[in-house]
Amino acid sequence: YREVFFKLKVNMARKIQKNKMWGGRFNTDQDKIMLEMNSSIEFDSRLYLEDIIASIAHAKMLGKKKIISSVESQKIISGLKKIKIEFEKGIFNLDPLLEDIHMNIEANLQKKIGNVAKKLHTGRSRNDQVATDMRLYMRKQCQEIIKKITMIQKELSKKANKYYDFIMPGFTHMQIAQPVTFGHHLLAYVEMLERDKNRFHDALKRINQSPLGAAALAGTTFPIDREMTSKALGFTNPMANSIDAVSSRDFIIEPLAAASILASHLSRFSEEIILWVSEGFDFIELPDSLATGSSIMPQKKNPDIAELVRGKNGRVIGALMSILVVMKGLPLAYSKDLQEDKELTFDAIDNILNSLEAINAIIKKLKPKKENLSSAAQKSYSTATDLADWLVSNLNIPFREAHKITGNIVRYCEKKKIKLSELTIKELKSFNKKINDDIFNVLDAEQSVNQKKSFGSTSPLMVKKSAAKWIKKLQNEKK
């Protein structure tokens, strides 16, 4: 596709090179490789709406400030609205030789309304134009990501509320550690996602500033009103330094950093889904609609959706690393290197949005297997810590000594190949004569989770309260 596309560009170049919108200073045609490297229309065409919206705001301001006449302003705005309709209908013809979406729209506007279209670019440059478009794009995408995070949090909270008392093993070092509840495990991701959401909310404060009117880098001699265009586009304020306005890309870096952290959280959840559906765990069931088969092994049911989310993590983090490398050596102000911000940003945003949708589908449709979870929670002496705590609380034994006694009891159970709950009172007393029958209240996994009373702990009562709190909070959030 790329080979055909670039051949088309080169063939057309010999015919219309002199009509380039910036070509007045040049005497010769561009080289083929220059055409190929310089064009961004393949990927920045998705900014058409942002470019049209920003251009309409700019045209209105030019008319109000009498930099152009009100008739000219209205003519430009009318033409831009027609172009918007053409894009929406899919009938706008992109010319690869016009390099980017900005030049394509302006050239098409000239065809529609004549030479008055040439006045639209008064008091602005492509430098502040593209920065404005990208800020509008990033603002919209961050808001969309926030909505999808909230969507996932709601599903997790509902599932946690439904399965608040399902007992499962909690892990450290991928070894069974202590019993927890399934609902508690799910709510851990709700908390993580809330921090992710807050990072995007915070990034929006810095994204939402207007570069429009900074022009190439020095501002403009025309009496433009940057406050007017800023307000019209929903920005909080115009950027205070024209050089910074056109050369900064931290408004992309910051949400990509937030997206990378989010992607890592989604990847961790995906990894657990992959483990949980495996034969070794068998904790949950995913429906056929979220799995794939094998081309050679008829019995296979693969959790590819979770694996793909896990894989997309690399794409998102890679985009962040790429833009950081692009920016690290750039002197002020604008350089063409900044064109490299778009493809990787679009790819990262697309992948994080798709990943959020995929995770939401998984959470909606997964079914925990209660018996398997409970059985696993009883393994590996998972209530040993409860036993040690009981020795401290009931027999006033220092924790380090209680830890040692419990370790000896576990070693004894391993040798006898029995569970802690299968020990007799006589066997337990052999480790400490003060031990009594009350100790059996903490040796069972269900009893273990019920005894967890501290704030934020795993007891079903705490999980039920926490899930209800989240459900109420998320329902009341702005849509």
Side-chain angles (χ1 to χ4, degrees), residues 44 46-62 64-65 100-102 120-147 196-220 222-260 319-320 323-324 326-328 330-335 337-342 344-346 348-349 478:
D44 70 14
R46 72 161 68 192
L47 294 173
Y48 80 89
L49 183 59
E50 287 79 9
D51 198 70
I52 291 170
I53 290 169
S55 291
I56 288 173
H58 186 67
K60 284 181 179 178
M61 180 275 297
L62 292 176
K64 185 173 181 181
K65 297 297 291 182
D100 55 37
I101 190 62
H102 324 294
L120 172 60
H121 210 53
T122 307
R124 75 174 185 184
S125 160
R126 271 192 298 178
N127 295 355
D128 62 331
Q129 189 178 358
V130 68
T132 302
D133 292 356
M134 282 300 287
R135 282 180 180 267
L136 290 171
Y137 171 82
M138 292 306 294
R139 183 178 71 188
K140 181 169 67 177
Q141 299 309 314
C142 285
Q143 290 166 343
E144 186 63 22
I145 289 170
I146 288 168
K147 276 198 268 186
D196 289 323
K197 197 162 63 176
N198 288 339
R199 275 184 276 272
F200 283 102
H201 275 301
D202 199 49
L204 276 169
K205 298 172 189 175
R206 286 171 287 281
I207 292 169
N208 204 33
Q209 301 176 67
S210 175
L212 191 57
L217 79 161
T220 177
F222 293 98
I224 62 173
D225 186 343
R226 293 191 62 207
E227 289 283 354
M228 178 183 172
T229 52
S230 176
K231 187 175 180 180
L233 293 171
F235 290 116
T236 53
N237 57 272
M239 296 182 73
N241 185 287
S242 60
I243 296 175
D244 178 50
V246 299
S247 62
S248 66
R249 288 298 182 272
D250 51 323
F251 72 91
I252 291 175
I253 293 170
E254 190 173 3
L256 285 185
S260 295
L320 173 62
I323 187 65
L324 285 170
V326 167
M327 294 302 298
K328 74 170 183 64
L330 290 187
L332 300 178
Y334 184 85
S335 297
D337 311 51
L338 293 174
Q339 182 169 290
E340 294 301 311
D341 65 354
K342 294 173 192 61
L344 54 92
T345 300
F346 297 154
I349 296 296
K478 288 183 183 176

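The figures that follow rest on heavy atoms only: side chains count, while hydrogens, waters and symmetry mates do not. One is the number of the first residue; the rest follow in order along the sequence.
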Heavy atoms of A348 and L256 approach each other most closely as CB-CD2, 3.7 Å

Heavy atoms of N237 and S230 approach each other most closely as C-OG, 3.2 Å

Closest heavy-atom pair, F200 versus C142, reported as atoms and distance to 0.1 Å, is CD2-SG, 3.8 Å

Can a cation-pi geometry be assigned to R139 and F235, taking NZ or CZ under 6.0 Å from the six-membered ring centre and within 45° of the ring axis? yes

Checking the side chain of Q141 only, and the main-chain atoms of M138 only, is there a donor and an acceptor separated by less than 3.5 Å?
no

Run Q129 and H121 through side-chain contact (heavy atoms from CB on, under 4.5 Å) and show every step you take. CA-CA 9 Å; Q129 189 178 358; H121 210 53; 3.3 Å; yes

| message | Determine whether a donor-acceptor pair (N or O, by modelled atom type, separation under 3.5 Å) exists between the side chain of R226 and the backbone of S210. | response | yes

Output for pair (R135 CZ, M239 CE), nearest 0.5 Å, gives 4.0 Å

Nearest heavy-atom contact between P211 and D128 is O-CB, 3.4 Å

Quick check: do K197 and H201 have side-chain heavy atoms less than 4.5 Å from each other?
yes

Sorted by chain and residue number, the side-chain hydrogen bond (donor to acceptor under 3.5 Å, both in side chains) partners of K60 (sequence neighbours excluded) come out as none

Value for CG (D196) from OG (S260), rounded to nearest 0.5 Å, stands at 10.5 Å

The side-chain hydrogen bond (donor to acceptor under 3.5 Å, both in side chains) partners of T229 (sequence neighbours excluded) come to none

One should read off an interatomic distance between K342 NZ and I323 CD1, to the nearest 0.5 angstrom, of 9.0 Å

If only atom types and distance count, is the side chain of N208 paired as donor or acceptor with the main-chain N or O of G234 below 3.5 Å?
yes

Hits for ring pair (Phe, Tyr, Trp, His ring centres under 6.0 Å) against Y334, two or more places apart or cross-chain, chain-then-number order -> none

Checklist entry - side-chain contact (heavy atoms from CB on, under 4.5 Å) between T220 and R124: does it pass, once the steps are laid out? => result CA-CA 7 Å; T220 177; R124 75 174 185 184; over 6 Å; no

Residue pairs passing the side-chain hydrogen bond (donor to acceptor under 3.5 Å, both in side chains) test with at least one member in residues 242-253, sequence neighbours excluded, are R249-D341

Here the gap from I207 atom CD1 to Q143 atom CD, rounded to the nearest 0.5 Å, amounts to 9.0 Å

- When you measure from the side chain of S335 to the backbone N and O of D337, does any donor-acceptor pair fall under 3.5 Å? no

Rounding to 0.5 Å, atoms OG1 (T345) and CD1 (I252) come to a distance of 4.5 Å

Hits for ring pair (Phe, Tyr, Trp, His ring centres under 6.0 Å) against F251, two or more places apart or cross-chain, chain-then-number order -> none

CE (M228) and CG (L212) are apart, to the nearest 0.5 Å, by 11.0 Å

Hits for side-chain hydrogen bond (donor to acceptor under 3.5 Å, both in side chains) against K205, two or more places apart or cross-chain, chain-then-number order -> D202

Quiz item: Judged by atom type as modelled, is there a donor-acceptor pair below 3.5 Å linking the side chain of H58 to the main-chain atoms of T122?
Solution: yes

Are any side-chain N or O atoms of D44 and backbone N or O atoms of D100, one a donor and one an acceptor, separated by less than 3.5 Å? no

What one should report as the nearest heavy-atom pair of I101 and D51 is O-OD2, 4.4 Å

Note: A215 and V246 closest approach over all heavy atoms is O-CG1, 3.2 Å

